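These notes are about the structure you will find just below.
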Amino acid sequence: MQVEEARRLLVERLGGGPEPPSPESAREVIAQLAHPGTLGPLVRRLSVGDLELAECIRLSYRHVLGFDKLLLLPGAPRFMLRVHFWHGTAGAVSEDIHNHRCAIASAVVRGSVRMECYQPAADGVPAVAYRESIDGPGGAWRLRRVGEARLRLLHSEQYGAGRSYGLAARTLHRVVSEEPTVTLFLETAPQRSVTDVYVRSRGRVGGSGSVPHSGDDPGRTVGPARVVGDVSAARAERADPPPKTPLPPAVYLAELDALAGSLGY
């Protein structure tokens with residue numbers, strides 16, 4: 001598939017009306033784009049490096065959780081098509097439970113991920129609730145503590161290569177990857193300006209450290225923070241998250257080249 005064909009497909013399937021696209025429509029289009037016979041030629045074309053390379057690299061970076069987040073097709077505010085390279089690094093930091101500003105969809109190209117969905121519940125595990133916002137386009141991320149909460153695991157499901165899922169903007173979830181994995185990830189039109197983040201309590205801790213975060217575009221670490229006593233009750237002071245650092249062009253192109261080759265293109 002050529003780049004403009006992919007753009008037309010996304011626009012047609014996601015629509016341009018006042019109503020946001022459904023998670024299922026996002027899932028259907030990401031599943032089609034993630035098919036090796038479709039994704040391979042698209043990534044190979046992009047790996048040549050002559051199509052919107054500067055913008056794609058500027059918005060591609062190493063995520064605080066250890067995976068590389070590469071932009072393939074910019075289309076804001078209607079869509080952003082990305083590919084995530086999970087390296088399966090030993091001891092990688094786990095995601096916090098979070099939701100998004102928009103409906104999202106993801107398809108596993110290689111490897112596997114475990115998706116866990118949560119909901120608030122009086123008998124759930126304790127967590128500290130935060131509200132995340134951004135100071136305008138390209139501005140600083142802000143994370144504001146809003147109180148304590150309890151969350152219950154609704155279900156957990158393993159997704160291997162060829163499988164896909166879609167989530168509504170407010171669905172609380174986290175993704176776990178324990179092996180080298182590649183996923184195609186679709187962000188649709190924003191429905192709100194904030195996300196919710198829940199840092200699960202882990203008993204009594206002392207000293208200083210950083211609280212990893214993964215919300216809608218979570219390429220940052222929340223910290224440092226000093227927490228003494230029960231995490232669910234402590235009020236930690238947190239520094240602003242560091243800025244995202246774009247991947248070097250050579251790394252961006254090499255990862256696309258390797259992905260295209262693994263798909264037979």
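Since we're looking at a predicted model, the values are computed, not measured. All heavy atoms count here, side chains included; hydrogens, waters and symmetry mates do not.
- Taking every heavy atom of both residues into account, Arg174 and Asp96 meet most closely at CB-O, 3.8 Å.
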Worked check of side-chain contact (heavy atoms from CB on, under 4.5 Å) between His173 and Glu116:
CA-CA 5 Å; His173 64 283; Glu116 299 175 354; over 6 Å; no
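- For the 3.5 Å distance criterion, the side chains of Ser25 and Arg13 fail to qualify, holding no donor opposite an acceptor.
- In this structure, Leu167 and Pro23 have side chains that are not in contact, with every pair of non-hydrogen atoms separated by 4.5 Å or more.
- With hydrogens and angles disregarded, a donor-acceptor distance shorter than 3.5 Å links the side chain of Glu95 to the backbone of Val175.
- With hydrogens and angles disregarded, no donor-acceptor distance shorter than 3.5 Å links the side chain of Arg44 to the backbone of Gly264.
- Under a hydrophobic-cluster definition in which Ile, Leu, Val, Met, Phe, Trp and Tyr are linked whenever side-chain heavy atoms come within less than 4.5 Å, directly or via other members, Leu263 and Leu184 are assigned to the same cluster.
- Here the side chains of His100 and His98 are in contact, with some heavy-atom distance below 4.5 Å.
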Kindly determine whether Tyr252 and Leu53 satisfy side-chain contact (heavy atoms from CB on, under 4.5 Å), including the steps that lead there.
CA-CA 9 Å; Tyr252 176 91; Leu53 181 61; 3.8 Å; yes
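- Scanning both residues, Cys102 and Ala189, for their nearest heavy atoms gives CB-O, 3.3 Å.
- When all heavy atoms of Ser164 and Ala31 are compared, the closest pair comes out as OG-CB, 3.6 Å.
- Put simply, Ile30 and Leu71 are part of two different groups of oily side chains (I, L, V, M, F, W, Y) that touch within less than 4.5 Å, one to the next.
- Using a 4.5 Å heavy-atom cutoff, the side chains of Tyr198 and Arg200 are not in contact.
- Remark: Arg131 CZ to Arg145 CZ distance equals 13.5 Å, nearest 0.5 Å.
- A distance of 10.0 Å separates CZ of Arg101 from CG of Asp196, quoted to the nearest 0.5 Å.
- Taking 4.5 Å as the limit, some side-chain heavy atom of Ser156 sits within range of a side-chain heavy atom of Arg114.
- Between the side chain of Thr181 and the main chain of Trp86, no donor-acceptor pair closer than 3.5 Å is present.
- Formation of a donor-acceptor pair under 3.5 Å by the Arg7 side chain with backbone atoms of Gln2 is not found in this model.
- Following chains of ILVMFWY side-chain contacts shorter than 4.5 Å, one can reach Leu81 starting from Leu70, so the two form part of one hydrophobic cluster.
- If you take OG on Ser60 and CD on Glu55, they are separated by 10.0 Å, rounding to the nearest 0.5 Å.
- For the atom pair CG (Leu172) and OG1 (Thr195), the distance works out to 10.5 Å, reported to the nearest 0.5 Å.
- Cluster annotation: Leu33 and Tyr265 are assigned to the same hydrophobic cluster (Ile/Leu/Val/Met/Phe/Trp/Tyr, side-chain heavy-atom contacts under 4.5 Å, transitive).
- In this structure, Thr245 and Tyr61 approach most closely via the heavy-atom pair O-CB, 3.3 Å.
- Note that CG of Leu154 is 9.5 Å distant from OH of Tyr118, once rounded to the nearest 0.5 Å.
- Under a 4.0 Å N-O distance rule, the pair Arg27/Glu24 qualifies as a salt bridge.
- Put simply, the side chain of Cys56 reaches to within 4.5 Å of the side chain of Pro74, judged on heavy atoms.
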Would Asn99 and Thr171 count as a side-chain contact (heavy atoms from CB on, under 4.5 Å) if you check the C-alpha gap in whole Å, the side-chain angles of each, and the deciding distance to 0.1 Å?
CA-CA 6 Å; Asn99 53 25; Thr171 300; 5.7 Å; no
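- Atom CE of Met80 is separated from atom OG1 of Thr188 by 12.0 Å, given to the nearest 0.5 angstrom.
- A salt bridge between Glu157 and Arg163 is present, with a side-chain N of the basic residue lying under 4.0 Å from a carboxylate O of the acidic one.
- Residues Glu179 and Ser112 have side chains in contact (heavy-atom distance under 4.5 Å, counting atoms from C-beta outward).
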side-chain contact (heavy atoms from CB on, under 4.5 Å) between Met1 and His35: does it pass, once the steps are laid out?
CA-CA 10 Å; Met1 175 175 283; His35 188 278; over 6 Å; no
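- Side chains of Leu151 and Pro120 form a contact here, defined as non-hydrogen atoms less than 4.5 Å apart.
- Neither Val146 nor Val125 shares a network with the other; the hydrophobic side chains, linked directly or stepwise wherever heavy atoms of I, L, V, M, F, W or Y lie under 4.5 Å apart, form separate groups for each.
- Aromatic ring orientation, Tyr165 versus Tyr159: tilted (interplanar angle from 30° to 60°).
- Without hydrogens or angle criteria, Asp257 side chain to Ser47 main chain gives no donor-acceptor distance under 3.5 Å.
- Across all their heavy atoms, Cys117 and Leu153 have their closest contact at O-CD1, 3.5 Å.
- The side-chain heavy atoms of Asp123 and Arg152, taken from C-beta on, include a pair separated by under 4.5 Å.
- Other residues, nucleotides and ligands contribute over 12 non-hydrogen atoms within 6.0 Å of the CZ atom of Arg192.
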